[in-house]
Amino acid sequence: MRVRFAPSPTGALHIGGARTALYNWLLARGQGGTLVLRIEDTDRERSTPENVEQILDALRWLKLDWDEGPVFQSQRSERHREVLEQLLSTEHAYHSSATAEDVKAYKQRHGDDRGFRGEREAQGAVRLRVPDEGESIVEDVIRGQTRFPNASLDDPVIARADGSPLYNFAVAVDDLDAGITHVVRGEDHLSNTPKQLLVFEALGQTPPVYAHLPLLYGPDGKKLSKRHGAASVQELRDAGYLPEAVDNYVALLGAGFAADEEYFTLDELAERFRLDRVSKNPAVFDERKLRHMNGRYLRELGIDELTRRTEEFTGRTGLRSAVEISAEKIQTLADFWPLAGFLLDGPVEDPAAFERTIAADGGVEILRAAREALNEAEPFTEAGVEAALRGIVERTGLKPGKVFQPVRVAISGTTASPGIFESVALLGRDEVLTRIDRALRRAGGDHH
RNA sequence: GCCGCUAUCGUCUAGGGGACUAGGACGCCGCCCUCUCACGGCGGAAACCCGGGUUCGAAUCCCGGUAGCGGUACCA
């Protein structure tokens with residue numbers, strides 16, 4: 001089995017493209033086959049070396065490796081020219097200068113459902129001669145037989161007047177030469193498959209097995225794009241998602257696994273993946289479910305690994321303790337800093353939080369009491385801090401939250417943080433007292 | 001226009017003629033846990049596009065309609 005994947009080399013690896021890549025990978029790995037990468041690089045504007053490298057980088061981040069390639073179409077022009085000549089000489093193809101207008105006029109005369117058939121000319125673009133009778137049948141693993149009447153198919157242009165080959169021709173030749181047995185790609189290619197089939201037929205060769213994946217949409221049912229937030233693998237990565245979670249979530253979008261289990265490693269996915277089980281209907285990419293999954297993956301990493309990745313993501317070091325007390329409160333790597341950054345860089349600015357807690361009734365008194373208790377807390381550990389602060393709760397009879405929130409705001413600047421005892425203990429006595437004093441000064445009228 | 005694909009809770013899905021009072025997950029709502037935010041636990045609301053057939057019996061098979069999507073380039 002030789003599986004071929006051809007990402008569109010536009011720089012960003014679209015999430016739909018990532019799923020296609022993943023399914024190709026799962027198919028090849030699950031069956032012990034070979035995964036071949038093909039790059040369509042004829043569009044110099046989009047397929048720059050930098051863009052191609054970005055795609056490869058995104059694939060590597062997803063842990064999707066390949067066995068052969070990338071094979072670039074542009075490196076094969078010699079071969080394409082050769083096959084073109086063969087088709088021309090066997091009259092499976094012909095030169096034609098017919099334009100789009102000519103095609104339209106032809107349909108006007110023969111009916112909308114009649115495909116264009118051109119006249120053989122001395123020069124012009126090269127068109128493939130499509131039989132007038134019969135049908136081209138795509139044996140699709142996912143959809144079953146899909147029949148396209150040949151009569152309604154235009155003779156497709158397979159090479160420009162300058163001899164350069166077009167996609168539907170080049171890809172067929174490349175797949176043939178590479179001995180590709182399985183082509184798994186997006187459904188947007190389904191209607192073009194008959195053209196590729198016809199090339200194989202004209203060459204007297206057997207086409208590969210095709211499987212067309214349903215497309216991926218955004219929450220509004222439209223094609224997934226930047227408007228929907230993250231639309232590419234690179235954007236997911238920047239948003240703090242883990243490759244494990246992205247692989248797992250994306251695989252679920254149409255893989256047709258039993259629904260009682262949802263968490264799988266790449267190897268488990270490869271083991272279970274069945275091409276003929278893949279869903280036929282398009283799926284909507286739901287980032288909320290990805291977030292949920294990501295949170296679980298994050299916590300399964302363990303503190304050491306989570307720390308490593310968080311430090312890599314934030315570009316900071318010395319995060320272990322902060323990560324430890326934040327782990328169960330974040331869903332993405334990007335959630336970490338807003339929640340726990342105050343532990344390293346000081347309180348954040350959130351005037352509303354200050355007003356509601358410290359500046360509010362009794363806030364200053366509570367902070368003074370907390371300062372006193374923490375000044376004497378011994379030892380200054382999580383347990384020691386808890387005992388000290390709970391002592392205030394008991395003495396005053398106030399609700400725990402009423403006592404803890406002012407302290408939280410004093411040390412973090414805002415109302416959401418890791419556990420208060422853990423945070424206070426981690427900061428250390430000196431730093432906590434300093435921050436409380438600063439908050440008291442700001443509340444005004446304090447003499448410390 | 002023409003050719004083609006698709007159609008189960010808001011979303012991802014299970015289901016492949018009786019096991020369906022249609023199951024799970026995310027999200028949502030309520031309760032519990034609780035120092036905030038979360039995590040976790042328990043419970044709840046929530047779907048077979050419409051119409052015909054076939055059959056003793058249809059979410060499941062067939063046909064039609066409708067809707068969505070894709071293709072229809074000297075793009076990929």
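First the proteins, then the strands, lettered A, B, ... as listed; each starts at 1. Bear in mind the structure is a predicted one, so any value in this text is a computation, not a measurement.
- For A/Glu372, the CD atom is loosely surrounded, since the number of other residues' heavy atoms within 6.0 Å does not exceed 12.
- Across all strands shown, B/C75 forms no Watson-Crick or G-U wobble pair with both key distances under 3.5 Å.
- With both pairing distances under 3.5 Å, B/A19 is matched to nothing as a Watson-Crick or G-U wobble pair.
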Grab the N/O contacts between the protein and nucleotides 40-44 of chain B below 3.5 Å, and write none if there aren't any.
none

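- One can place CZ of A/Arg288 at 5 Å from C1' of B/G27, the figure rounded to the nearest angstrom.
- B/A45 is unpaired under the Watson-Crick or G-U wobble criterion, no partner having all donor-acceptor distances under 3.5 Å.
- Between A/Pro9 and A/Asn51, every side-chain heavy-atom pair lies at or beyond the 4.5 Å cut-off.
- At least one side-chain heavy atom of A/Trp337 sits under 4.5 Å from a side-chain heavy atom of A/Asp345.
- In this structure, A/Asn150 places its CG atom 14 Å from C1' of B/G4, rounding to the nearest Å.
- Rounded to an integer number of Å, the gap from A/Ile330 CD1 to B/C37 C1' is 12 Å.
- Atom CD1 in A/Ile39 sits about 20 Å away from atom P in B/C75, given to the nearest Å.
- Taking atom NZ of A/Lys289 as the reference point, atom C1' of B/C28 lies 15 Å away to the nearest angstrom.
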For nucleotides 45-48 of chain B, give me every protein contact, N/O to N/O, under 3.5 Å, one pair per line with atom names.
none

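- Side-chain N/O atoms of A/Asn24 and A/His182 include no donor and acceptor closer than 3.5 Å.
- More than 12 heavy atoms of other shown residues, nucleotides or ligands fall within 6.0 angstrom of atom CZ in A/Arg79.
- Partner of A/Ile15 under the side-chain contact (heavy atoms from CB on, under 4.5 Å) criterion, out of A/Leu253, A/Leu236, A/Val246: A/Leu236 alone.
- Residue side chain A/Lys329 does not reach the base of B/C39 through any donor-acceptor N/O pair under 3.5 Å, judged by distance alone.
- When the P atom is used for both B/G57 and B/G52, the distance is 15 Å, rounded to whole Å.
- With A/Tyr94 as the aromatic partner, A/Arg129 meets the cation-pi criteria of under 6.0 angstrom to the ring centre and within 45 degrees of the ring axis.
- Two residues, A/Val103 and A/Tyr263, neighbour RNA chain B, and the one matched to the more 5' nucleotide by heavy-atom proximity is A/Tyr263.
- Atom P of B/A45 sits at a distance of 37 Å from the matching atom of B/U54, rounded to the whole Å.
- Regarding contacts with the backbone of B/A38, every side-chain N or O of A/Arg291 stays at 4.0 angstrom or more from both OP1 and OP2.
- Atom CD1 in A/Ile15 sits about 14 Å away from atom P in B/C12, given to the nearest Å.
- B/A14: no Watson-Crick or G-U partner with both key distances under 3.5 Å is found in any strand.
- A cation-pi arrangement is not found for A/Arg117 relative to A/Tyr106, the charged atom failing to lie both closer than 6.0 Å to the ring centre and inside a 45° cone about the ring normal.
- Ring-plane geometry between A/Phe273 and A/Tyr23 is classed as tilted, the angle between the planes lying from 30 to 60 degrees on a 0 to 90 degree scale.
- In summary, the side chains of A/Arg76 and A/Gln73 do not present any donor paired with an acceptor at a separation below 3.5 Å, with no hydrogens or angles considered.
- Of the nucleotides present, B/C32 is the one that pairs with B/G40 by Watson-Crick or G-U wobble criteria, both distances under 3.5 Å.
- Positionally, the nearest nucleotide of RNA chain B for A/Ala283 lies more toward the 5' end than for the other of A/Ala283 and A/Asp43.
- Of the candidate nucleotides B/G1, B/C39, B/C74, B/G1 has the atom nearest to the side chain of A/Asp112.
- Using modelled atom types, one finds a donor on one side chain and an acceptor on the other under 3.5 Å when comparing A/Thr193 with A/His212.
- Rounded to an integer number of Å, the gap from CD of A/Glu394 to P of B/C35 is 13 Å.
- Nucleotides B/A58 and B/C63 place their C1' atoms 15 Å apart, quoted to the nearest Å.
- A salt bridge is absent between A/Arg291 and A/Asp286; no separation between the charged side-chain nitrogens and carboxylate oxygens falls under 4.0 Å.
- Using Watson-Crick or G-U wobble geometry with both donor-acceptor distances under 3.5 Å, B/G68 finds its partner in B/C5.
- For a distance-only test at 3.5 Å, the side chain of A/Arg408 qualifies as a donor-acceptor partner of the base of B/C35.
- Within 6.0 Å of the NZ atom in A/Lys107, the count of heavy atoms belonging to other residues, nucleotides or ligands exceeds 12.
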For nucleotides 65-69 of chain B, give me every protein contact, N/O to N/O, under 3.5 Å, one pair per line with atom names.
from	atom 1	to	atom 2	distance (Å)
B/C69	O2'	A/Tyr217	OH	2.8

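- Comparing the same atom, C1', in B/A7 and in B/G51 gives a spacing of 15 Å after rounding to whole Å.
- When the C1' atom is compared between B/C9 and B/C29, the two are found 15 Å apart, to the nearest whole Å.
- Remark: the A/Thr146 side chain and the B/G4 base include no donor-acceptor N/O pair separated by less than 3.5 Å.
- Rounded to a whole angstrom, the distance from the P atom of B/U60 to that of B/C48 is 12 Å.
- Using bins of under 30°, 30° to 60° and over 60° for the plane-to-plane angle, the ring pair A/Tyr297/A/Tyr263 lands in the tilted bin.
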